[in-house]
Amino acid sequence: MTSRRRSVLTSLAAVVLVVSACSSPEGGPPPGPEPDATGGTGVSETQDRAAPPAELEEFYQQQLNWEDCETGVDEHMRCSSLAVPLDYEDPQGTQIELALITSSLEDRPYLLTNPGGPGQSGVDTVAHNLSATVTPQVLDEFNIVGFDPRGVHRSTPVVCMDDAQMDAYRQQVGDTDLDDDAAYAAAFADAERIAQQCHEHSGELLGYVDTFSAAKDMDIMRAVLDQDELHYVGFSYGTKLGLAYAELFPEYVGRFVLDSVMDVSLDAHELAVTQTAGFESALESFAAWCAESDQCPVEGEAENVVAGVQEVFADVQQNPRTMPDGRLLNASTLVSGFITPLYHPQGWGPLRDGLTAAVTEDDFYAFQYWADLQAGRGPDGSYEWINTWAFRAVMCLDYPTAQTQEEIEAEQQELNERAPTFGPYMGHDGVLCSQWPYPPVNEPWEPELPEVEQVLLLSTTGDPATPVAWAEDMHLEIPASSLLVSDAEGHIAYRPGNSCVTDVVDEYLISGELFQGRQDC
């Protein structure tokens with residue numbers, strides 16, 4: 001008998017880059033800095049910024065020891081680590097180490113970056129993808145700093161499984177539908193087992209990897225880098241991390257660029273529905289492009305291509321494929337692999353080729369390859385690090401999810417209606433979080449940021465992962481924000497070749513000059 005449980009519990013792992021929200025018990029973000037003498041939390045240019053709380057002084061005053069990085073990293077880059085409290089309510093308790101990398105140690109300002117996730121490695125991004133992160137102009141003006149947030153990769157990572165267990169977990173076969181009480185009972189039992197396994201490997205860390213704790217870590221980074229203000233570029237989930245920092249430390253916000261903005265006022269279900277619908281829209285754009293080409297494996301119009309993709313998903317759901325390396329490719333793995341090249345139109349050509357191989361030759365290697373990339377699996381079968389669990393740990397802490405069978409069923413029905421292709425494979429996220437060893441500590445909030453002088457928000461009109469409507473909503477919420485919207489497909493606006501965006505961002509980061517309101521290009 002096959003199990004239903006695996007595909008339900010891992011369906012959201014197909015998309016590693018969004019969601020959550022935050023608050024105090026009263027319904028807003030956690031408490032920020034204490035009011036200063038003027039009665040506010042902000043400071044003027046002539047005011048002295050408040051010293052850190054005495055119990056955090058040892059962390060704020062630590063010295064970074066920059067050393068050579070691992071092999072394969074540019075010789076000018078340097079790596080280091082710093083200590084932060086696991087629990088900011090108990091700073092004298094357990095400490096954890098966070099990994100940092102800088103592009104150089106020149107006498108110039110530092111620019112902190114975060115690539116998204118939650119769960120993506122900022123150290124890897126700077127070490128291996130720096131040219132795709134910032135332009136040469138920005139690189140000449142700043143030392144670019146990447147970091148692995150708490151719970152991620154080199155920074156006291158969340159661990160739930162070893163390589164063999166992760167392979168087995170990803171290959172379990174099952175239906176995506178939970179269509180009776182017994183199926184739900186089995187799914188909840190499996191979720192409890194996995195949560196306990198994560199707790200056995202990671203311990204109390206699982207309760208302290210939320211976004212606002214990571215934002216507090218960023219202020220310690222600012223201090224140990226000897227920066228009076230924090231300059232920051234955050235992508236995707238990194239925008240939420242930046243908004244959390246601005247909520248807690250508005251007086252230290254420097255030049256902030258938030259690209260592919262999350263709407264932190266939405267709850268978990270609203271985010272999931274909007275994002276899944278975004279990928280449905282991206283599929284329709286891909287289908288229209290494919291139908292107009294002379295190499296599309298599905299004949300007819302765009303709707304025929306979409307229907308063909310749905311048929312492929314359903315076929316693999318019913319008949320998982322045994323791959324040449326002996327592993328099983330199920331529908332969840334297929335969907336994860338399919339979504340990866342949808343992030344940007346540059347992936348549409350390879351996606352068409354992969355779909356052609358699947359349709360005409362029953363060859364699904366491309367999708368297994370892309371799914372492995374998403375999961376962090378190397379060609380040798382090892383997982384250098386498994387971002388799936390850092391992603392899940394942050395999300396379960398960052399916002400409440402549906403907890404009961406009835407609630408989850410209702411949410412899943414709406415997801416299927418809004419996104420008939422992807423919805424069945426990207427829901428049921430409340431099942432695992434309902435069994436998580438620690439309850440949520442945050443919830444949605446509205447980031448008005450009255451003390452912040454300026455923030456630059458970026459989006460593309462065809463972003464499948466963080467829809468442009470999210471950036472528009474945050475622009476309305478934040479009076480000090482400027483919004484730049486690029487009329488383009490794909491996730492991330494600030495990228496090489498998109499000069500209408502890079503010119504504005506570079507001007508802002510380098511000189512501080514920024515337009516007011518909204519601008520489209």
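Predicted, not measured: the structure shown is a model, and the values here were computed from it.
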Should the ring pair F338 and F286 be called parallel, tilted or perpendicular, given that the plane angle runs from 0 to 90° and is split at 30 and 60? perpendicular
Determine whether the side chains of D267 and Y399 contain a donor N or O and an acceptor N or O closer than 3.5 Å. no
Looking at D219 and R222, is any side-chain nitrogen of the basic one under 4.0 Å from a carboxylate oxygen of the acidic one? yes
Is there a donor-acceptor contact under 3.5 Å linking the side chains of S80 and N65? no
Atom CD of residue position E448 - does it have more than 12 heavy atoms of other residues, nucleotides or ligands inside 6.0 Å? no
One should read off an interatomic distance between L458 CG and S260 OG, to the nearest 0.5 angstrom, of 7.5 Å
Other residues, nucleotides and ligands only: do more than 12 of their heavy atoms fall within 6.0 Å of CD on Q346? no
Without swapping roles, check the side chain of R78 against the backbone of E75 for a donor-acceptor pair under 3.5 Å. yes
Residue pairs passing the disulfide bond (SG atoms under 2.5 Å apart) test with at least one member in residues 485-518, sequence neighbours excluded, are C500-C521
Testing the 3.5 Å rule here: is there a donor-acceptor pair between the side chains of Y110 and D226? no
Any side-chain donor paired with an acceptor under 3.5 Å for H475 and S481? yes
State, without any angle test, whether E97 and S81 hold a side-chain donor-acceptor pair at a distance under 3.5 Å. yes
Would you call the rings of F142 and H231 parallel, tilted or perpendicular, taking 30° and 60° as the class edges? perpendicular
Could you check Y232, F249, Y508 and say which one makes a ring-ring contact (aromatic ring centres under 6.0 Å, His included) with F256? Y232
Determine, step by step, whether K216 and D210 satisfy the salt bridge (Lys or Arg N to Asp or Glu O under 4.0 Å) criterion, reporting the C-alpha distance in whole Å, the side-chain angles of both residues, the deciding distance to 0.1 Å, and the verdict. CA-CA 10 Å; K216 293 175 182 179; D210 63 286; over 6 Å; no
Measuring from atom CG of N498 to atom OG of S486, what distance do you get when rounded to the nearest 0.5 angstrom? 4.0 Å
Hey, what do you get for CD (E141) to CD (E106), rounding to the nearest 0.5 Å? 12.0 Å
Do D487 and T461 have a side chain donor and acceptor closer than 3.5 Å? yes
Smallest separation among heavy atoms of P464 and H491, with atom names: CD-N, 3.9 Å
Tell me, yes or no, whether the heavy-atom count around Y438 atom OH, taken from other residues, nucleotides or ligands under 6.0 Å, exceeds 12. yes
Where do L258 and M474 land on the side chain to side chain contact (heavy atoms under 4.5 Å, CB included) test, with the steps shown first? CA-CA 11 Å; L258 306 180; M474 290 295 93; over 6 Å; no
In Å, rounded to the nearest 0.5 Å, how long is the span from OG1 of T466 to CE of M262? 9.0 Å
Given the side-chain rings of W389 and Y383, with only the six-membered ring counted for Trp, is the space between their centroids under 6.0 Å? no
